[in-house]
A.B. asks: 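This is the structure I have questions about; it appears just below.
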Number of protein chains: 2
Amino acid sequence: MFKREVSCEKCSLRPICLASAISPEQLDEIDRIVRRGRSIKRGETLFHASSPFESVYAVRSGAIKTYSLAPDGEELVTGFYLPGEILGLEGISQEEHTSTAVALETSTVCEIPFKRFGELAVKIPSLQQHFFSIMSEEIYKDRTLHRLLSKRSADERVIALLLSLSARNRRRGLSGNEFRLPMSRYDIGNYLGLAVETVSRIFTRLNKSELLEVSGREIKIPCLATLRQSYTGEN
Amino acid sequence: MFKREVSCEKCSLRPICLASAISPEQLDEIDRIVRRGRSIKRGETLFHASSPFESVYAVRSGAIKTYSLAPDGEELVTGFYLPGEILGLEGISQEEHTSTAVALETSTVCEIPFKRFGELAVKIPSLQQHFFSIMSEEIYKDRTLHRLLSKRSADERVIALLLSLSARNRRRGLSGNEFRLPMSRYDIGNYLGLAVETVSRIFTRLNKSELLEVSGREIKIPCLATLRQSYTGEN
DNA sequence: CGCAGAATTGAAAGCGGTCAAGTTGCGTGG
DNA sequence: CCACGCAACTTGACCGCTTTCAATTCTGCG
């Protein structure tokens, strides 16, 4: 299950992942604790809610969603994670995972045992600082989501998600104008606090407009700037 | 502006604040970097969005709200902070504050210069771990808010906030059944993604029911258990 | 004591949800 | 490789919660 794969040092995702801004010799220390190349197929779970928290994970390829269940079984999709992004952070304080992570498509992840990581962060101040920063970033993104859910219409929420996915693709050097959604309409709706039907209707409406070409999960954005301004303006 | 006040060691809030689970001699080191007893009057701001990020803050007394502004000036209340709670965390990654913090009532705060704190956390692994935990907790609470905004009705959101305030009061040894809301209806609505009018209507409706006695900002909860079950059940 | 902001209340409209019924697309097994 | 079957997605009709707009009333502070 754990294949030998590229080290952090040689990983193309390094600039956006955990090991950015770390000097080469220290990189080597991180490399020693990271467990690489774990592969999970679509629908398989990476970790379960309530399982003991031992590691955080970096997505190497594919896409992962996390969700949590209310006591009554109601599902809430809490996040989508693309290559270079870190998941599992919300488990640290509870000492167990508080969400379940499943692969939306065949994915590979790097596992970062958290206890050993903490020991390393104590030795490498810049690593500690960077990890503080990653967690802070997560909090900051949650504030953005808060605004999205509190203040934005259904249309704006969907567009914001598309723009976010586009930006994250671009950051990895991929196209921000054409990509495939790794998640279902159901997941999108659940994440954005919308009914599936609403999401579906919005996609068809956007498809009829000039803003977007949608075909199933294939997305094409003719002009990012136009879409962006429609986000707080008019369609 | 900075008075000498009780050290962390003698602070009654220690068990729930930053310095919990730290050994006495290490406590001393924290004590040396914390700037205590800064007092801010109702309506005054503790830090502004876009100002350079230098410290996080622990509330000593009073209540603080944080909010951020969209480019168009639209306000979003992002959090309420009561004694023992830490604010300013979301500024770390951006290197500037991304929200503005204002006092809802006369408050005192302890300032924790973040650079020095980071240096200390490197020397005291358990402090690092604890700070990871505090940030993780913040992420975890954001997930709870996400569910509240995505899935819960207006009534449930308001009740959830009241229950949260009640629990946080109790944690400080105060009454969880009777307390005064530090924030306005406007702030409540803004935080919960509701119109002021909706919040007001809900309070009057709850007041008519047996669940709650509301008079302005004074709240009395006859039976917490009943209110709790009404949260996912029926009123 | 008077005023301004905060809170309440009412009426009407609209956005998004729910329910119900198709339609499409994809993975699986023959 | 094709056909089947189920899950994902779409579409339509209708309903209800919450917002919006507007008008008072209340409260706290100067």
Side-chain angles (χ1 to χ4, degrees), chain A residues 41-44 63 65 74-77 102-106 148-162 180-209 212-219 234-235, chain B residues 41-44 65 74-77 102-106 147-162 180-209 212-219 234-235:
Chain A
K41 289 208 263 306
R42 173 203 171 98
E44 287 182 354
K65 79 163 177 180
E74 175 199 62
E75 181 175 330
L76 175 74
V77 173
V102 315
L104 292 168
E105 49 193 59
T106 302
L148 205 60
L149 297 175
S150 288
K151 309 283 182 189
R152 300 280 173 261
S153 69
D155 290 49
E156 291 169 328
R157 293 185 208 179
V158 172
I159 292 175
L161 178 62
L162 292 175
R180 186 180 170 76
L181 296 173
M183 73 293 279
S184 69
R185 301 285 193 268
Y186 173 84
D187 287 335
I188 293 175
N190 192 305
Y191 177 69
L192 294 175
L194 300 170
V196 200
E197 295 93 328
T198 305
V199 176
S200 179
R201 274 185 255 269
I202 288 168
F203 274 126
T204 36
R205 193 164 351 115
L206 287 175
N207 200 25
K208 280 174 192 158
S209 78
L212 213 63
E213 291 170 37
V214 194
S215 170
R217 296 190 177 187
E218 296 296 336
I219 299 288
E234 196 46 52
N235 69 336
Chain B
K41 288 209 261 308
R42 173 204 171 98
E44 287 181 354
K65 81 162 177 180
E74 174 200 62
E75 182 176 331
L76 176 74
V77 174
V102 314
L104 292 168
E105 49 192 60
T106 302
R147 184 182 295 275
L148 205 59
L149 297 175
S150 288
K151 310 283 182 189
R152 300 280 173 259
S153 69
D155 292 48
E156 290 169 328
R157 292 185 209 180
V158 172
I159 293 175
L161 177 61
L162 292 175
R180 186 180 170 77
L181 296 174
M183 71 294 278
S184 69
R185 302 285 194 267
Y186 172 83
D187 287 335
I188 293 175
N190 191 306
Y191 178 68
L192 294 175
L194 299 171
V196 201
E197 295 93 327
T198 306
V199 176
S200 178
R201 276 184 253 270
I202 288 167
F203 274 124
T204 36
R205 196 171 341 122
L206 286 175
N207 200 25
K208 281 174 191 158
S209 79
L212 213 61
E213 291 171 37
V214 195
S215 170
R217 295 191 177 186
E218 295 297 336
I219 299 289
E234 196 47 50
N235 70 337

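Convention: sequence-line order gives letters A, B, ...; per-chain numbering from 1.
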A.B. asks: Base, sugar-phosphate, or nothing: which does A:T204 touch, judged by heavy atoms less than 4.0 Å apart?
C.D. replies: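 Sugar-phosphate, no base atom in range.
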A.B. asks: Could you state the NZ-C1' distance from A:K65 to D:dA8, rounded to the nearest angstrom?
C.D. replies: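 Atom NZ in A:K65 sits about 13 Å away from atom C1' in D:dA8.
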A.B. asks: Output all residues satisfying side chain to side chain donor-acceptor pair (under 3.5 Å) with B:S153, sequence neighbours left out; order by chain, then residue number.
C.D. replies: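 By the side chain to side chain donor-acceptor pair (under 3.5 Å) rule, B:S153 matches B:E156.
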A.B. asks: Starting at atom CG of B:D155, determine the distance to atom P of D:dT19, rounded to an integer number of angstrom.
C.D. replies: 11 Å
A.B. asks: Does B:R180 have any salt bridge (Lys or Arg N to Asp or Glu O under 4.0 Å) partners at least two apart in sequence or in another chain, and if so, which?
C.D. replies: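 Partners of B:R180 under the salt bridge (Lys or Arg N to Asp or Glu O under 4.0 Å) test: B:E218.
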A.B. asks: Would you name the heavy atoms of A:K65 and A:E75 that are closest together and state the gap between them?
C.D. replies: NZ-OE2, 3.2 Å
A.B. asks: Over all strands shown, is B:T198 touching base, sugar-phosphate only, or nothing at heavy-atom distances under 4.0 angstrom?
C.D. replies: base
A.B. asks: Name all residues meeting the side chain to side chain donor-acceptor pair (under 3.5 Å) criterion together with A:E213; count only those two or more places apart in sequence or in a different chain, and write none if there are none.
C.D. replies: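 Listed in chain order: nothing, the list is empty.
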A.B. asks: In this structure, how many angstroms lie between the P atom of D:dC9 and the CG atom of A:L206, rounded?
C.D. replies: 16 Å
A.B. asks: Can you tabulate the close N/O pairs, meaning under 3.5 Å, that link protein atoms to atoms of nucleotides 23-30 of chain D?
C.D. replies:
none

A.B. asks: If a pair satisfies salt bridge (charged side-chain N to carboxylate O under 4.0 Å, His left out) and one of its residues is in residues 190-199 of chain A, list it, with sequence neighbours excluded.
C.D. replies: none
A.B. asks: Which atom pair, heavy atoms only, marks the closest approach of B:K41 to B:A103?
C.D. replies: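 The answer is O-CB, 3.5 Å.
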A.B. asks: Does A:S150 have any side chain to side chain contact (heavy atoms under 4.5 Å, CB included) partners at least two apart in sequence or in another chain, and if so, which?
C.D. replies: A:H146, B:L76, B:L149
A.B. asks: Bend across the helix from C:dC1-D:dG30 to C:dG30-D:dC1, to 10°, with axes taken over 5 pairs at each end?
C.D. replies: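 The angle, to the nearest 10 degrees, is 50°.
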A.B. asks: Tell me whether the side-chain N or O atoms of B:R201 pair up with the base of C:dG10 as donor and acceptor below 3.5 Å, since no angle test is needed here.
C.D. replies: yes
A.B. asks: Distance check needed: C:dA7 P versus B:I202 CD1, whole Å only.
C.D. replies: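 After rounding, the reported distance stands at 14 Å.
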A.B. asks: B:R205 CZ to C:dA7 P: how many Å, rounded?
C.D. replies: 18 Å
A.B. asks: Got a sec? Which of residues 183-195 of chain B come in under 4.0 Å of DNA chain D, heavy atoms?
C.D. replies: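 Within residues 183-195 of chain B, the residues near DNA chain D are B:G193, B:L194, B:A195.
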A.B. asks: So, OP1 or OP2 of C:dA7: does either fall under 4.0 Å of a side-chain N or O from B:S200?
C.D. replies: no
A.B. asks: C:dC15 C1' sits how many Å from A:L149 CG, rounded?
C.D. replies: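 Computing the A:L149:CG to C:dC15:C1' distance gives 16 Å.
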A.B. asks: Heavy atoms only, 4.0 Å cut-off, all strands: where does A:R217 land among base, sugar-phosphate and nothing?
C.D. replies: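 The answer is sugar-phosphate, as A:R217 gets under 4.0 Å only of primed atoms, P, OP1 or OP2.
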A.B. asks: Record whether the side chain of B:E197 comes under 3.5 Å of the base of D:dC21 through a donor-acceptor pair of N or O atoms.
C.D. replies: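 For B:E197, whose side chain was compared with the base of D:dC21, there is a donor-acceptor pair (under 3.5 Å).
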A.B. asks: If I take atom CG in residue A:N207 and atom C1' in nucleotide C:dT24, what distance separates them, rounded to the nearest angstrom?
C.D. replies: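 Rounded to the whole Å, the gap is 15 Å.
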A.B. asks: Please name all residues satisfying side chain to side chain contact (heavy atoms under 4.5 Å, CB included) with A:S184, sequence neighbours left out, ordered by chain then number.
C.D. replies: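 Side chain to side chain contact (heavy atoms under 4.5 Å, CB included) list for A:S184, sorted by chain: A:Y186, A:D187, A:R217.
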A.B. asks: side-chain contact (heavy atoms from CB on, under 4.5 Å), that's the test. Do B:V199 and B:L192 meet it? Break it down for me.
C.D. replies: CA-CA 9 Å; B:V199 176; B:L192 294 175; 5.6 Å; no
A.B. asks: Using the rule given for side-chain contact (heavy atoms from CB on, under 4.5 Å), can you reason through A:E44 versus A:T106, listing the C-alpha separation, both sets of side-chain angles and the distance that settles it, and then say yes or no?
C.D. replies: CA-CA 9 Å; A:E44 287 182 354; A:T106 302; over 6 Å; no
A.B. asks: Quickly work out the B:F203 CZ to C:dT8 C1' distance and round it to whole Å.
C.D. replies: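 Answer to the nearest Å: 13 Å.
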A.B. asks: Partners of B:R147 by salt bridge (Lys or Arg N to Asp or Glu O under 4.0 Å), sequence neighbours excluded?
C.D. replies: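 With sequence neighbours excluded, B:R147 shows a salt bridge (Lys or Arg N to Asp or Glu O under 4.0 Å) to A:E74, given in chain and number order.
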A.B. asks: Which residues pass the side chain to side chain contact (heavy atoms under 4.5 Å, CB included) test with A:A154, not counting sequence neighbours?
C.D. replies: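 For A:A154, the residues satisfying side chain to side chain contact (heavy atoms under 4.5 Å, CB included) (neighbours in sequence not counted) are A:L194, A:T198, A:I202.
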